There are 2 protein chains.
Amino acid sequence: MEGSHSAHLFTVLSGWGFRYKMLDDGRRRILNYMMPGDLIGLQGSLMGEMQHSVEALSPVTLCVFERDKLGTLYRNYPDLAYDLTWIAAQEERILDENLLSIGRRSALERAAYLLAFLYQRAKATNLFKGERVSIPITQQHVADTLGLSIVHTNKTLKKLGERKLIRWADRGCDILDDEGLMKISGWDGYHEKNRPFI
Amino acid sequence: MEGSHSAHLFTVLSGWGFRYKMLDDGRRRILNYMMPGDLIGLQGSLMGEMQHSVEALSPVTLCVFERDKLGTLYRNYPDLAYDLTWIAAQEERILDENLLSIGRRSALERAAYLLAFLYQRAKATNLFKGERVSIPITQQHVADTLGLSIVHTNKTLKKLGERKLIRWADRGCDILDDEGLMKISGWDGYHEKNRPFI
DNA sequence: CGTACACTTGAGTAGGATCAATTGAAGTGG
DNA sequence: CCACTTCAATTGATCCTACTCAAGTGTACG
């Protein structure tokens, strides 16, 4: 929860989750999604207090670090420290991309971007074992990520469905045409090399 | 420039700048503003290539690091390495906040947030020596930050001016009522403690 | 004196919000 | 096993915020 003083820092080992913030009036804003290899709570560890909340979308397993030992880690394991910074910088890069998308693209473009992005990230982390290629989110999640109303989100996703780019199952989305989504969104894909796994 | 392979990492010592990305159609998206104490090029240093461009808003002085020596720094100066991560995490926090604002607030709220935010950050970094309290940006910058058209940005800023919250000078904005802006934006201010200065 | 750039202003339009209902699947408890 | 609730997805109608188009002003500068 936002505002909590967790004594821990986590690495996601398996499963899906998301980071979000709430506004006073009850509206939720999803900031990003968490997948294996992501860090949870770095901000909290460095600055004393979580600035956002985190929630799971599927059963998740985590690796736990003691927050107090972060200083020790920096002193004794410079390579790990470097990896931590790398992951933080990568998260920053993703946020840049999201910001670009939300500020300057239409609803259809944004939706296409989000789904292509989630699909590609998930694929890069082996979240799709075998053929099952479904993203475990609701349309409300999409709306809260893109800053659209649910109604309009629904109509937008329906358009993507009509074009055979995705198929919306209950509580999940199947990607049918990754390339097609990227073309609509004007996004050139997720290129990440050598992500360290802590 | 985005895509460049700079051999350097910089710290801003004085002056204003901003980070941005361009879309194919020529539209610009400002991601964040840079002030004394900020890092430029960490992403580029860690991942080999700049993912965004940077531009100055006023004369700027920088402190230069050799990118190659980042490994050495992590091995020999763990405290500095820790500070680097701290700054990266802080940037992430600011991006979260921007994302929240852009996705879930009206034009007036967003504009109020942006100006209050810039004002408070600048104040925290001693950018305002003496009485001169002016933010050196054009309305085009505001538009490209908030994802609004210039026309609508102009009308929105005018409203803030009518309410005596700001005064728009040519190429600059004076903040008259910081509290009032925060109230409109529904933002509770910039609380940053102990930022390291590298 | 001409050009460029930042800022203004007005008119018409459209993309997405809000309001209001409905369907359908998945629990849950008696 | 069936009524009852809940939550996700869907659809239609109306409204309004912010966009686009189109001019115009004022100032700085070569």
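From a predicted model like this one, the values you see are computed outputs, not experimental measurements. In what follows, chains are A, B, ... by sequence order, proteins preceding strands, each numbered from 1.
Across the protein-nucleic acid pair, B:Q140 atom CD and C:dT8 atom C1' stand 14 Å apart, rounded to whole Å. Here C:dC7 presents its C1' atom at 15 Å from CG of B:D144, a figure rounded to the nearest Å. The distance between atom CG of B:D170 and atom P of C:dC5, rounded to the nearest whole Å, is 14 Å.
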So which protein N/O to nucleotides 21-24 of chain C N/O distances come out below 3.5 Å?
none

Per-nucleotide protein contact along nucleotides 11-26 of chain D, 5' to 3', at a 4.0 Å heavy-atom cut-off (B base, S sugar-phosphate only, - neither), is BBB----BSBB-----

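B:E162 pairs by the side-chain contact (heavy atoms from CB on, under 4.5 Å) definition with B:K158, B:K159, not counting sequence neighbours. Qualifying side-chain contact (heavy atoms from CB on, under 4.5 Å) partners for B:M182, counting only residues two or more places apart in sequence or in other chains: B:A116, B:Q120, B:D178, B:W187. In this view, B:D25 and B:R27 satisfy the salt bridge (charged side-chain N to carboxylate O under 4.0 Å, His left out) rule, not counting sequence neighbours. Legend: residues meeting side-chain contact (heavy atoms from CB on, under 4.5 Å) with B:E192, ordered by chain and number and at least two apart, are B:W86, B:Q90, B:Y190, B:R195. Scored by the side-chain contact (heavy atoms from CB on, under 4.5 Å) test, B:A89 finds A:Q43, A:L46, A:M47 as partners (sequence neighbours excluded).
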Solution key, residues 61-68 of chain A side-chain donor-acceptor pairs under 3.5 Å, sequence neighbours excluded:
residue, atom, partner, partner atom, Å
A:T61, OG1, A:S14, N, 3.3
A:T61, OG1, A:S14, OG, 2.7
A:R67, NH1, A:S6, O, 2.7

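Regarding contacts with the backbone of C:dT8, a side-chain N or O of B:Q139 is found under 4.0 angstrom from either OP1 or OP2.
Residue pairs that meet the salt bridge (Lys or Arg N to Asp or Glu O under 4.0 Å) test with at least one member in residues 70-90 of chain B, sequence neighbours left out, do not exist here.
Between the side chain of A:T145 and the backbone N or O of A:H141, at least one donor-acceptor pair lies under 3.5 Å.
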